[in-house]
Amino acid sequence: MKVWRRATVVALLLAVGAAWTVDRTGSPAARQYEPGLVPVTLYFGHPQALGVTPEVRWLPPDAVHPARLVQELILGPRDPQLLPVLSARARVLSVEQRGDTAVIDFSADVVRDHPGGSAGEIMTVFAVVNTLTELPGIRRVLWLIEGSVVETLVGHLDLSRPLERSAEVIVPRWRRV
């Protein structure tokens, strides 16, 4: 019986240790700290299109700005289970901060290459909005396409005004349906 208790304690300690190495995204935090780099949270499509799921990347401090974060979104997720939210052909034409609002101007490829659907539009729009509102001083994001305010990306969300972060669309990695 004493051996059984000892094995149980060891198993519990291993489980606690494993839980401690999981970051807030639910992924193994093998790279919890990298000298000279800072963590940033990007959002990509949930594998079942339930919303957006966070993925942590490590960047040099001078690279932590809206244009670079959107470039990281265009590069796509590193986790093969997550879905890309922007076309690899999408380009950021400009990013400007006006007060607490980031104004981001995309090339028309963002619309042209979008797969469509309400879930797809929610994932694309809020991946960008939630990623940029992770930055200090940015509370809202206004979308432009080729320099113009657009009513919608593919027909489901109103993009004619700046959008605030949406915690409701964030789905942790561990949540499965």
Of all the heavy-atom pairs spanning [X] and [Y], show the shortest one and how long it is.
{"X": "V52", "Y": "A127", "answer": "CG1-N, 3.8 Å"}
{"X": "T101", "Y": "R140", "answer": "OG1-NH2, 2.9 Å"}
{"X": "G116", "Y": "V154", "answer": "CA-CG2, 4.2 Å"}
{"X": "A49", "Y": "A119", "answer": "O-CB, 3.9 Å"}
{"X": "F44", "Y": "R57", "answer": "CZ-NH2, 3.6 Å"}

Expected output: side-chain [X] to main-chain [Y] donor-acceptor under 3.5 Å:
{"X": "S87", "Y": "V110", "result": "no"}
{"X": "N130", "Y": "A167", "result": "no"}
{"X": "E55", "Y": "R78", "result": "yes"}

Checklist entry - Y43 and R165: side-chain contact (heavy atoms from CB on, under 4.5 Å), yes or no, with the steps? => result CA-CA 12 Å; Y43 292 88; R165 175 181 198 80; 2.8 Å; yes
Identified side chain to side chain contact (heavy atoms under 4.5 Å, CB included) partner of [X] from the options [options]:
{"X": "L50", "options": "V169, I122, V171, I170", "answer": "V171"}
{"X": "L159", "options": "L153, V129, I145", "answer": "L153"}
{"X": "W143", "options": "D105, T152, V128", "answer": "V128"}

Item to check | Pair L59-L69, side-chain contact (heavy atoms from CB on, under 4.5 Å): steps then yes or no | outcome: CA-CA 10 Å; L59 300 175; L69 295 188; 3.8 Å; yes
Item to check | Transitive ILVMFWY side-chain link V95 to L75, under 4.5 Å | outcome: no
Item to check | Hphob cluster co-occupancy, V38 + L73, side-chain heavy atoms under 4.5 angstrom | outcome: yes
Are any non-hydrogen side-chain atoms of [X] and [Y] less than 4.5 angstrom apart?
{"X": "V40", "Y": "E134", "value": "no"}
{"X": "P54", "Y": "L42", "value": "no"}
{"X": "P162", "Y": "V141", "value": "no"}
{"X": "V70", "Y": "T131", "value": "no"}

Please round to the nearest 0.5 Å and tell me the distance separating atom [atom1] of [X] and atom [atom2] of [Y].
{"X": "L163", "Y": "D158", "atom1": "CG", "atom2": "CG", "answer": "7.5 Å"}
{"X": "M123", "Y": "T53", "atom1": "CE", "atom2": "OG1", "answer": "9.5 Å"}
{"X": "R91", "Y": "E146", "atom1": "CZ", "atom2": "CD", "answer": "7.0 Å"}

Checklist entry - Taking only residues two or more places apart in sequence, or in another chain, which ones meet R139 in a side-chain hydrogen bond (donor to acceptor under 3.5 Å, both in side chains)? => result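 Counting only residues at least two positions away or on another chain, R139 forms a side-chain hydrogen bond (donor to acceptor under 3.5 Å, both in side chains) with D100, E164.
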Next on the checklist: Could you walk me through whether Q97 and I138 satisfy the side-chain contact (heavy atoms from CB on, under 4.5 Å) test, starting with their C-alpha distance in whole Å, then the side-chain angles of each, then the deciding distance to 0.1 Å, before giving a yes or no?
Outcome noted: CA-CA 8 Å; Q97 188 167 345; I138 297 179; 3.9 Å; yes
Checklist entry - Linking Ile, Leu, Val, Met, Phe, Trp and Tyr by side-chain heavy atoms under 4.5 Å, what else ends up with V103? => result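 Noted: V103 shares its cluster with L142, L144, V149.
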Checklist entry - Hey, mind stepping through L86 and F106 against side-chain contact (heavy atoms from CB on, under 4.5 Å) and telling me if it holds? => result CA-CA 10 Å; L86 293 167; F106 284 102; 4.2 Å; yes
